[in-house]
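Start at 1 and go down the list; that is how both ligands and their atoms are numbered. All residue numbers in this chain count up from 1 along the given sequence.
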Amino acid sequence: MDDNELTRKVFLAGGLGLISLLGGGWLLKACAPPEDTVEEKEKSKWQPSYAQLEESGEFALRIEQAYKYLEDCQLCPRRCRVNRLAGETGFCRSPEKVVVYSHHPHFGEELPLVGENGSGTIFFSNCNLRCVFCQNYPIAHEGRGRMINDEDLAEMMLDLQHRGSHNINLVTPTHVMPQIINAIRMAFKEGLNLPICYNTSGYERAEMIELLDGIVDIYLPDMKFMDGDKAERYNLAEAHDYPEMAQQSLKEMHRQVGDLVTDMDGIALQGVMVRHLVMPNRVTSPREFAFWVAENLSRDTYVNIMSQYRVEFKAFEYDEISRAITSGEFVEAMEWAKEAGLTNLDERSLSQLEIHRYRMD
Ligand code: SF4
């Protein structure tokens, strides 16, 4: 059977919806399909969005546009305006070449990304946000990793596909976006045919996200803070504009790919999946987060409210975040999500809700 052939019936995990044909690939938008449509879908072919972009001749142009930003780097809201092609570095400390910490199938991500064979994760070193509570600080703050060229990165993507991964999951990609999309095109020419997942802190410029339209299939952004003062306090260099930048970017992501679409096995094909890490003392504004998503993206947005906050890196220097969250803090965040009308809450966060409720009894 051709690699491109969709071998699984397509369905939406959330239940209801509307099927739409997007440029040769069938996608289920918001409802369970009638039986005859399912059969038809089995015969159809699914392609990642970048296949269509290449066909249109637009892919190379996007790479050229993105690489230009490295000369006067404005890839993210920091806008350092350094010439990374000439060896200068800005806030993220990222050189011209990509630095990668590791690449491997990962089984700790959301279930629609993991499936049976794992999410094909590539961890990029350095970061353009650098939170004081960073859960990956040796990679993000200290930049541990190996410098590679775009061809090597393309090889990593193909290796992950060869190992059966369900997607290419790009962790902390913002500061190396041009190199990444160049590598995706190289890998595509060698047979890459997996959804691309853009796994970002959310500290993005919407203009840069626009460049990814037709390249990224799945967006996996954090929405860390809804309050600029909190964002400023808990980042090493002020990021007061985090909520504004993240909100604009998430709207653009949702405009491009919409709500989550999965295949018949529940594996993500396209859409936005939003993460919100609950921290002590409501510093992330979980209630505002839930209502913002419901009102500005969609009530059917896939939302993962996470309970695994740990006191890492410099977090112990801030009294209000120098402890784990309580069961009550997690339960109230989940209840606000429900109150906001969010319908597609992550399965594991729902399980955690039961555990934390039990602990409160
Ligand atoms: S990607 Fe790095 S160098 Fe470029 S603007 Fe952002 S922090 Fe500065």
Side-chain angles (χ1 to χ4, degrees), residues 62-101 122-150 152-153 169-184 196-213 215-216 219-225 228 230-250 252-253 313-314:
R62 293 281 184 85
I63 294 166
E64 201 180 308
Q65 283 176 298
Y67 253 90
K68 275 207 176 96
Y69 282 104
L70 289 174
E71 284 176 13
D72 178 32
C73 195
Q74 299 185 58
L75 283 177
C76 83
R78 302 276 183 203
R79 295 188 189 228
C80 301
R81 308 208 71 158
V82 293
N83 185 348
R84 288 175 50 191
L85 298 181
E88 294 173 6
T89 53
F91 174 80
C92 65
R93 302 178 184 146
S94 188
E96 177 195 349
K97 286 196 176 174
V98 168
V99 183
V100 167
Y101 182 74
I122 302 176
F123 282 94
F124 294 99
S125 309
N126 300 310
C127 178
N128 69 321
L129 187 56
R130 302 227 304 269
C131 303
V132 299
F133 55 91
C134 182
Q135 315 276 294
N136 285 321
Y137 66 94
I139 308 171
H141 287 252
E142 296 173 2
R144 291 187 202 173
R146 184 165 62 94
M147 199 179 292
I148 59 170
N149 59 35
D150 297 359
D152 298 327
L153 184 55
N169 184 347
L170 306 160
V171 183
T172 323
T174 313
H175 54 289
V176 283
M177 180 270 277
Q179 298 91 327
I180 287 173
I181 63 176
N182 192 28
I184 292 170
I196 299 294
C197 174
Y198 205 74
N199 184 341
T200 164
S201 69
Y203 197 41
E204 300 276 356
R205 290 181 60 204
E207 295 92 327
M208 298 302 119
I209 298 298
E210 281 171 22
L211 283 177
L212 299 173
D213 192 3
I215 299 174
V216 169
Y219 284 103
L220 182 61
D222 293 335
M223 178 63 94
K224 291 178 186 288
F225 297 103
K230 297 289 192 311
E232 186 170 327
R233 178 164 169 76
Y234 302 121
N235 286 287
L236 283 189
E238 299 166 359
H240 195 274
D241 59 351
Y242 175 88
E244 186 191 344
M245 294 294 112
Q247 286 168 17
Q248 286 174 9
S249 299
L250 262 70
E252 171 58 20
M253 293 171 191
F313 192 44
K314 293 181 181 294

Asn83: side chain to side chain contact (heavy atoms under 4.5 Å, CB included) partners, not counting sequence neighbours: Glu71, Leu85, Ala86, Glu88
Value rounded to 0.5 Å, distance of OH in Tyr69 from CZ in Arg205: 6.0 Å
Minimal non-hydrogen separation, Lys97 against Ile148, with atom names: CB-O, 3.6 Å
Environment of atom 2 (Fe) of ligand 1 in terms of protein N/O/S atoms, cut-off under 2.8 Å: Cys92 SG
Which atom of Leu129 lies closest to which atom of Arg78, heavy atoms considered: O-NH2, 3.1 Å
Result of checking Pro178, Cys80, Cys92 against Leu75 for side chain to side chain contact (heavy atoms under 4.5 Å, CB included): Pro178
pair Tyr203-Lys224: side-chain heavy atoms closer than 4.5 Å: no
Arg79: numbered ligand 1 atoms lying under 4.0 Å from its heavy atoms: 5 (S)
